[in-house]
K.L.:
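I have a structure I would like to understand better, so I am pasting it below and will then ask my questions one at a time.
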Amino acid sequence: MNERDREAREALERVRRDSETFGSSALARMGNRARDHFGGKDAVGTGEQGGTDPVELWGRRIGRALSLVGVVILALWLAVQLRLL
């Protein structure tokens, strides 16, 4: 894939992401983006020859899930420290 094809794909992705599609809410798009992020969809096809490395894919999924758990724990700890809970 040459530079021009890559730029065209990136431009189309920006347009798709930034435009409002009929019948699709912002909440649904945000949910889809979160699903793709935590599912490691950005790791698909990044290996040699466009392949997917299963170890990298699962490493991203596990790391992102653990980071989400950490954020929830820290938020709860902060709420306890501020005597909100």
K.L.:
Indicate the atoms forming the closest heavy-atom contact of Gly40 with Leu57, along with that distance.
P.N.:
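Nearest heavy atoms, Gly40 then Leu57: O-CD1, 3.2 Å.
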K.L.:
State whether Arg60 and Asp53 are salt-bridged, where the test is any N-O pair (Lys NZ or Arg NE/NH1/NH2 against Asp/Glu carboxylate O) under 4.0 Å.
P.N.:
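No, Arg60 and Asp53 are not salt-bridged.
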K.L.:
Could you walk me through whether Leu85 and Leu76 satisfy the side-chain contact (heavy atoms from CB on, under 4.5 Å) test, starting with their C-alpha distance in whole Å, then the side-chain angles of each, then the deciding distance to 0.1 Å, before giving a yes or no?
P.N.:
CA-CA 8 Å; Leu85 291 179; Leu76 289 173; 3.9 Å; yes
K.L.:
Decide yes or no on side-chain contact (heavy atoms from CB on, under 4.5 Å) for Asn2 and Asp5, but give the supporting numbers first.
P.N.:
CA-CA 5 Å; Asn2 64 24; Asp5 288 341; 3.2 Å; yes
K.L.:
Please check if the number of heavy atoms outside Arg4 that lie under 6.0 Å from its CZ is greater than 12.
P.N.:
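No.
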K.L.:
Are Leu68 and Leu66 grouped together when hydrophobic residues (ILVMFWY) are joined by side-chain heavy atoms under 4.5 angstrom apart?
P.N.:
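Different hydrophobic clusters.
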K.L.:
Say whether, by atom type as modelled, one donor and one acceptor occur between the side chain of Arg64 and the main chain of Gly39 under 3.5 angstrom.
P.N.:
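No; judged by distance alone, with no hydrogens or angles, the pair does not exist.
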K.L.:
Shortest non-hydrogen contact from Phe38 to Arg61?
P.N.:
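Where Phe38 meets Arg61 most closely, the heavy atoms are O-CG, 3.6 Å.
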K.L.:
If you measure only the distance, is there a donor-acceptor pair under 3.5 Å linking the side chains of Asn32 and Arg35?
P.N.:
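Judged by distance alone, the side chains do pair up.
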K.L.:
Can we say Glu10 and Arg6 salt-bridge, meaning some charged N sits less than 4.0 Å from an Asp/Glu carboxylate O?
P.N.:
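Yes, this pair counts.
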K.L.:
Carefully, step by step, assess Leu74 and Leu78 under the rule side-chain contact (heavy atoms from CB on, under 4.5 Å).
P.N.:
CA-CA 6 Å; Leu74 287 173; Leu78 178 62; over 6 Å; no
